[in-house]
J.: 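Input: one structure, supplied below.
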Amino acid sequence: MSVDFVASSRLPTRHGQFTIHAFEEPQTRQEHVALSMGDVGNGEPVLMRIHSECLTGDGFGSLRCDCGPQLEAAMAKVAAEGRGVILYLRQEGRGIGLVNKVRAYQLQDQGADTVEANEQLGFAPDLREYSMCEDMLRHLGVSCVRLMTNNPLKVEALEKHGIRVVERVPLMTGRNPHNDQYLDTKQEKMGHLL
Ligand SMILES: Nc1nc2c(ncn2[C@@H]2O[C@H](COP(=O)(O)OP(=O)(O)OP(=O)(O)O)[C@@H](O)[C@H]2O)c(=O)[nH]1
Ligand SMILES: [Zn+2]
């Protein structure tokens, strides 16, 4: 999916001052944003996070997943280096959307794991794709990254879109009794490097 750059502005945060860049997919009007700090277009590898929207974890502090602490940790690491990028992609629920994610949570409350719940709803375990990253990174002048993730599919997807990943930086944070099994399932069934 191609995306158009729309606007950017200053974004002071508790981790320091970022610039927020807004993008839109012309066909679907799907919106995505990037946060950047420092001179990311100078050709040096850029510390980067691709974060998939999780309203429950990022916004409400849900302990069912590790998204909130991962986003906080990624922003803190970028701030510590004074340079980096967070691509915040609006792919809620690994692409099934917020309402379907709550449906999946309901099935998980009844015993399904995160993969089984998606399958019971008729979805693949992970519907995300990352083609929009290419336009977003081109706009920011980034072609080479150190990617903060535990998901090898994200590394593969970026390389497929012409972005060089010189390092995978593990992002292990936020394990708790409520998401213990969820993280184990990601490791066992989805190949995450936890
Ligand atoms: N369908 C579904 N989506 C979930 C569930 N729990 C979290 N998510 C979504 O999963 C996405 C985050 O993906 P994860 O699999 O946790 O991690 P990742 O982004 O693939 O990998 P990392 O880069 O290591 O964080 C967010 O969009 C969440 O909303 C769930 O039980 N079911
Ligand atoms: Zn989450």
Side-chain angles (χ1 to χ4, degrees), residues 1 30-35 46-78 84-133 136-137 145-161 163 165-194:
M1 194 65 73
Q30 177 75 70
E31 299 169 333
H32 304 287
V33 293
L35 303 184
V46 173
L47 184 63
M48 182 171 91
R49 165 86 182 145
I50 298 179
H51 195 84
S52 301
E53 177 177 1
C54 178
L55 178 71
T56 47
D58 301 337
F60 299 144
S62 164
L63 299 176
R64 291 191 76 127
C65 59
D66 55 345
C67 301
Q70 281 188 314
L71 181 59
E72 290 286 327
M75 290 177 72
K77 277 176 191 275
V78 166
V85 168
I86 315 276
L87 299 185
Y88 192 95
L89 306 181
R90 310 294 300 285
Q91 310 165 308
E92 174 60 72
R94 296 196 197 107
I96 67 175
L98 178 59
V99 166
N100 282 322
K101 187 174 79 169
V102 177
R103 284 202 179 101
Y105 278 170
Q106 183 174 304
L107 293 170
Q108 290 170 41
D109 287 346
Q110 293 157 10
D113 68 29
T114 180
V115 169
E116 291 161 351
N118 261 41
E119 285 167 349
Q120 286 176 29
L121 292 170
F123 297 113
D126 193 342
L127 293 182
R128 289 173 293 181
E129 60 96 24
Y130 299 94
S131 57
M132 70 293 270
C133 298
M136 294 172 82
L137 292 174
V145 300
R146 294 159 50 224
L147 189 66
M148 293 181 267
T149 186
N150 308 315
N151 183 351
L153 281 181
K154 286 185 178 171
V155 176
E156 254 176 57
L158 276 188
E159 288 188 327
K160 194 176 89 190
H161 292 291
I163 312 299
V165 181
V166 293
E167 185 188 348
R168 183 185 72 84
V169 180
L171 200 54
M172 291 203 266
T173 178
R175 191 179 271 269
N176 70 65
H178 301 280
N179 67 17
D180 217 27
Q181 250 189 322
Y182 165 78
L183 294 177
D184 288 346
T185 303
K186 287 208 295 187
Q187 182 172 14
E188 286 156 21
K189 291 194 174 177
M190 304 182 81
H192 285 229
L193 306 161
L194 289 164

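Order of listing sets the numbers, starting from 1, for every ligand and every atom in it.
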J.: Looking at Arg175, is its backbone amide N or carbonyl O close enough to the side chain of Asp66 to form a donor-acceptor pair, meaning the two atoms are under 3.5 Å apart?
T.: no
J.: Is there a donor-acceptor pair closer than 3.5 Å between any side-chain N or O of Asn100 and the backbone N or O of Arg103?
T.: no
J.: Please could you name the atoms of ligand 1 that Asn118 approaches to less than 4.0 Å, counting only its heavy atoms?
T.: 1 (N), 2 (C)
J.: Enumerate the atoms of ligand 1 whose separation from the nearest heavy atom of Lys154 is less than 4.0 angstrom.
T.: 18 (P), 19 (O), 21 (O), 22 (P), 23 (O)
J.: Please write down residue, atom name and distance for the protein heavy atom closest to atom 12 (C) of ligand 1.
T.: Arg128 NH1, 3.8 Å
J.: What residue and atom, counting heavy atoms only, is the protein's closest point to atom 32 (N) of ligand 1, and at what distance?
T.: Thr114 OG1, 3.5 Å
J.: Which protein non-hydrogen atom lies closest to atom 23 (O) of ligand 1, naming both residue and atom, and how far is it?
T.: Thr149 OG1, 2.5 Å
J.: Tell me, which protein residue and heavy-atom name are nearest atom 4 (C) of ligand 1, and how many Å apart are they?
T.: Lys101 CD, 3.8 Å
J.: To the nearest 0.5 Å, tell me how far Tyr130 OH sits from His161 NE2.
T.: 10.0 Å
J.: With the threshold set at under 4.0 angstrom, would you say Tyr182 reaches ligand 1 through any of its heavy atoms?
T.: yes
J.: Ignoring hydrogens and angles, tell me if any N or O in the side chain of Gln70 forms a donor-acceptor pair with the backbone of Leu171 under 3.5 Å.
T.: yes
J.: Is it true that a side-chain atom of Lys154 and a backbone atom of Thr149 form a donor plus acceptor pair closer than 3.5 Å?
T.: no
J.: Between Lys189, Lys186, Gln181, which is the residue that forms a side-chain hydrogen bond (donor to acceptor under 3.5 Å, both in side chains) with Asp113?
T.: Lys189
J.: Below 4.0 angstrom from a heavy atom of Gln91, which ligand 1 atoms are there? Numbered from 1 as shown, please.
T.: 27 (O)
J.: Would you say the side chains of Ser52 and Arg128 form a donor-acceptor pair under 3.5 Å?
T.: yes
J.: Looking at Glu53, which atoms of ligand 1 are within less than 4.0 Å of one of its heavy atoms?
T.: 26 (C), 27 (O), 28 (C), 29 (O)
J.: Go through ligand 1 atom by atom and flag the ones less than 4.0 Å from a non-hydrogen atom of His192.
T.: 15 (O), 17 (O), 18 (P), 20 (O), 21 (O)
J.: Given atoms SG of Cys65 and SG of Cys54, what angle do they subtend at the Zn ion (ligand 2), to the nearest 10 degrees?
T.: 110°
J.: Quick check: does any side chain N or O of Glu129 sit under 3.5 Å from a backbone N or O of Ser131, one acting as donor and the other as acceptor?
T.: yes
J.: Yes or no: does Leu171 have any heavy atom under 4.0 Å from an atom of ligand 1?
T.: no
J.: Any side-chain to backbone donor/acceptor pair from Arg49 onto Met75? Under 3.5 Å, distance only.
T.: no
J.: Do any N or O atoms from the side chain of Glu92 and from the backbone of Leu55 form a donor-acceptor pair under 3.5 angstrom?
T.: yes
J.: Enumerate the atoms of ligand 1 whose separation from the nearest heavy atom of Arg49 is less than 4.0 angstrom.
T.: 22 (P), 23 (O), 25 (O)
J.: May I ask whether Gln108 has any heavy atom positioned less than 4.0 angstrom from an atom of ligand 1?
T.: yes
J.: Find all atoms of ligand 1 within a distance of less than 4.0 Å from any non-hydrogen atom belonging to Ile96, and give their numbers and elements.
T.: 1 (N)
J.: Backbone N or O of His192 within a donor-acceptor pair of the Asn151 side chain at under 3.5 Å?
T.: no
J.: Considering both backbone and side-chain atoms of Gly93, is one of its nitrogen or oxygen atoms within less than 3.5 Å of a nitrogen or oxygen in ligand 1?
T.: yes
J.: Heavy atoms only: give me the nearest Leu121-Ala104 pair and the separation to one decimal.
T.: CD1-N, 3.7 Å
J.: Could you find the nearest protein heavy atom to atom 14 (P) of ligand 1 and give me its residue, atom name and distance?
T.: Lys186 NZ, 3.3 Å
J.: Provide, to 0.1 Å, the distance between atom 15 (O) of ligand 1 and the closest protein heavy atom, together with that atom's residue and name.
T.: Arg94 NE, 3.0 Å
J.: Please report which non-hydrogen protein atom sits nearest to atom 24 (O) of ligand 1, along with the residue it belongs to and the distance in Å to one decimal place.
T.: Asn150 N, 2.8 Å
